[in-house]
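Here's the structure we're looking at; comments come further down.
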Protein chains: 2
Amino acid sequence: MVREPLGEEAAVGLSRMFKALSDPIRLRLLSLIASYEGGEACVCDLTGPFDVSQPTISHHLKVLREAGLVGSERRGTWVYYWVIPQALAQLSALLQIPAAPAKAGA
Amino acid sequence: MVREPLGEEAAVGLSRMFKALSDPIRLRLLSLIASYEGGEACVCDLTGPFDVSQPTISHHLKVLREAGLVGSERRGTWVYYWVIPQALAQLSALLQIPAAPAKAGA
DNA sequence: CTTCTGTATCGACGAATGTCGAAACAGCAA
DNA sequence: TTGCTGTTTCGACATTCGTCGATACAGAAG
């Protein structure tokens with residue numbers, strides 16, 4: 001982020017992940033999944049805490065999944081979601097700014 | 001993010017910042033500003049690298065500013081923008097996930 | 001088979017977003 | 001003053017997004 005100006009392709013990919021985080025419900029969904037024991041949660045646990053309909057939650061989970069932030073698997077009747085740590089780590093590292101800001105010129 | 005499920009208010013505030021990062025041009029703008037010497041850049045330096053019009057760049061800068069990710073100041077003829085490190089640090093910390101994921105239950 | 005529950009997809013709607021050209025504003029220089 | 005350059009704001013437009021109800025799909029149980 002700071003060391004060099006971030007190419008166009010990279011920016012497109014990263015912005016897709018950030019876009020997945022740009023909704024309050026998706027942010028809370030991600031946090032809810034991450035905070036569950038074992039790092040995964042059943043969809044049935046994720047619909048209760050929100051004021052929106054079940055299809056809407058399903059839609060948000062799909063957005064998170066297509067952004068590569070979570071994975072999912074059906075086990076019998078229920079579908080489980082888990083966080084993909086590498087994806088979050090990539091974004092976290094990108095936002096890490098040294099205290100003394102700059103280095104490279106234009 | 002992992003330790004407890006992230007309240008509704010907090011999620012709204014954080015999602016606003018992530019939304020500002022959800023566009024490739026804004027991501028590159030931020031990176032471009034951060035990578036400039038002194039950590040700040042003139043708008044005149046920021047319009048060249050992009051294929052969009054200058055008003056569009058101005059609009060994206062406004063979005064970044066209103067999200068609290070950058071600050072700006074007019075100095076004579078030119079307007080300068082700089083990154084606000086605390087804002088990025090907050091997001092970066094939120095995305096920091098321990099290697100062994102979970103702890104808290106539902 | 002049928003039925004029931006959990007989850008995903010579909011189609012539609014209003015609201016928000018990214019983009020542009022045109023116009024307005026800010027500061028400097030004649 | 002007038003003019004010039006850098007930047008922002010204003011309308012307008014097509015596209016995308018979040019949401020819903022209705023429907024379809026998946027698996028387990030009668």
Side-chain angles (χ1 to χ4, degrees), chain A residues 8 11-33 36 40-82 106, chain B residues 6 8-9 11-33 36 40-82 106:
Chain A
E8 189 167 349
V12 170
L14 290 163
S15 69
R16 261 197 275 267
M17 296 199 238
F18 282 123
K19 180 171 292 181
L21 299 177
S22 71
D23 183 275
I25 291 184
R26 285 198 292 268
L27 221 39
R28 292 172 63 199
L29 275 173
L30 194 71
S31 156
L32 209 47
I33 294 170
Y36 255 72
E40 62 178 29
C42 169
V43 174
C44 59
D45 297 319
L46 300 175
T47 50
F50 300 96
D51 285 339
V52 298
S53 69
Q54 179 272 325
T56 297
I57 294 295
S58 190
H59 162 72
H60 284 308
L61 288 171
K62 182 180 184 178
V63 172
L64 288 171
R65 180 160 31 87
E66 290 182 340
L69 298 178
V70 304
S72 71
E73 185 188 16
R74 167 161 232 131
R75 289 207 283 278
T77 302
W78 296 281
V79 177
Y80 291 86
Y81 282 76
W82 58 87
Chain B
L6 197 58
E8 188 167 350
E9 298 177 38
V12 170
L14 291 164
S15 68
R16 261 197 275 266
M17 296 201 238
F18 282 123
K19 181 172 293 182
L21 298 177
S22 71
D23 183 274
I25 290 185
R26 285 199 292 268
L27 221 40
R28 291 173 62 199
L29 276 172
L30 195 70
S31 157
L32 209 47
I33 294 171
Y36 255 73
E40 63 179 28
C42 169
V43 174
C44 60
D45 297 319
L46 300 175
T47 51
F50 300 96
D51 285 339
V52 299
S53 70
Q54 183 272 327
T56 297
I57 295 294
S58 189
H59 163 71
H60 285 308
L61 288 172
K62 183 179 184 178
V63 172
L64 287 172
R65 180 160 30 87
E66 291 183 339
L69 298 179
V70 305
S72 71
E73 185 188 16
R74 167 161 232 133
R75 288 205 282 277
T77 302
W78 295 281
V79 177
Y80 291 86
Y81 281 77
W82 59 86

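Lettering of chains follows the sequences in order, A, B, ..., and the numbering in each one begins at 1.
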Requested in this report: May I ask you to say what A:R26 touches in the nucleic acid, namely base, sugar-phosphate or nothing, with a heavy-atom cut-off under 4.0 Å?
Outcome: sugar-phosphate
**Report entry** Between C1' of D:dT7 and OH of B:Y81, the distance in whole Å
**Finding:** 8 Å
Report task. Would you tell me if any nitrogen or oxygen in the side chain of A:K19 comes within less than 4.0 Å of OP1 or OP2 on C:dT17? Result -> no
Report task. Would you please confirm or rule out a distance under 4.0 Å between OP1 or OP2 of C:dC10 and any side-chain N or O of A:H59? Result -> no
Query raised in the report: How close or far is atom C1' of C:dT17 from atom CZ of B:F18, stated in whole angstroms?
Result: 19 Å
Query raised in the report: Whole-Å distance between D:dG18 C1' and A:F50 CZ?
Result: 14 Å
Query - Atom pair OG/CZ of A:S22 and B:R16 - distance to nearest 0.5 Å - result: 12.0 Å
Query - OP1 or OP2 of D:dT7 under 4.0 Å from side-chain N/O of B:Y80 - result: no
Query - Cationic N near anionic O, under 4.0 Å, B:K19 to B:E66 - result: no
Report task. Answer yes or no: does a side-chain N or O of B:T56 lie under 4.0 Å from OP1 or OP2 of C:dC20? Result -> yes
Query raised in the report: Between A:S58 and C:dA8, does any side-chain N or O lie under 4.0 Å from OP1 or OP2?
Result: yes
Query raised in the report: Under 4.0 angstrom, heavy atoms only, what part of the nucleic acid is B:R75 near: base, sugar-phosphate, or nothing?
Result: nothing
Query - Distance test, side-chain N/O of B:S53 to OP1/OP2 of C:dC20, below 4.0 Å - result: yes
Query raised in the report: Quick one: is C:dT7 close enough that its OP1 or OP2 comes under 4.0 Å of any side-chain N or O from A:K62?
Result: no
Query raised in the report: Would one find a side-chain N or O of B:H60 under 4.0 angstrom from OP1 or OP2 of C:dT17?
Result: no
Requested in this report: Remember a base hit wins even if backbone is also touched, and classify A:I57 as base, sugar-phosphate or nothing at under 4.0 Å, heavy atoms.
Outcome: nothing
Query raised in the report: What nucleotide among D:dG18, C:dT17, D:dT7 has an atom nearest to a side-chain atom of A:D23?
Result: D:dG18
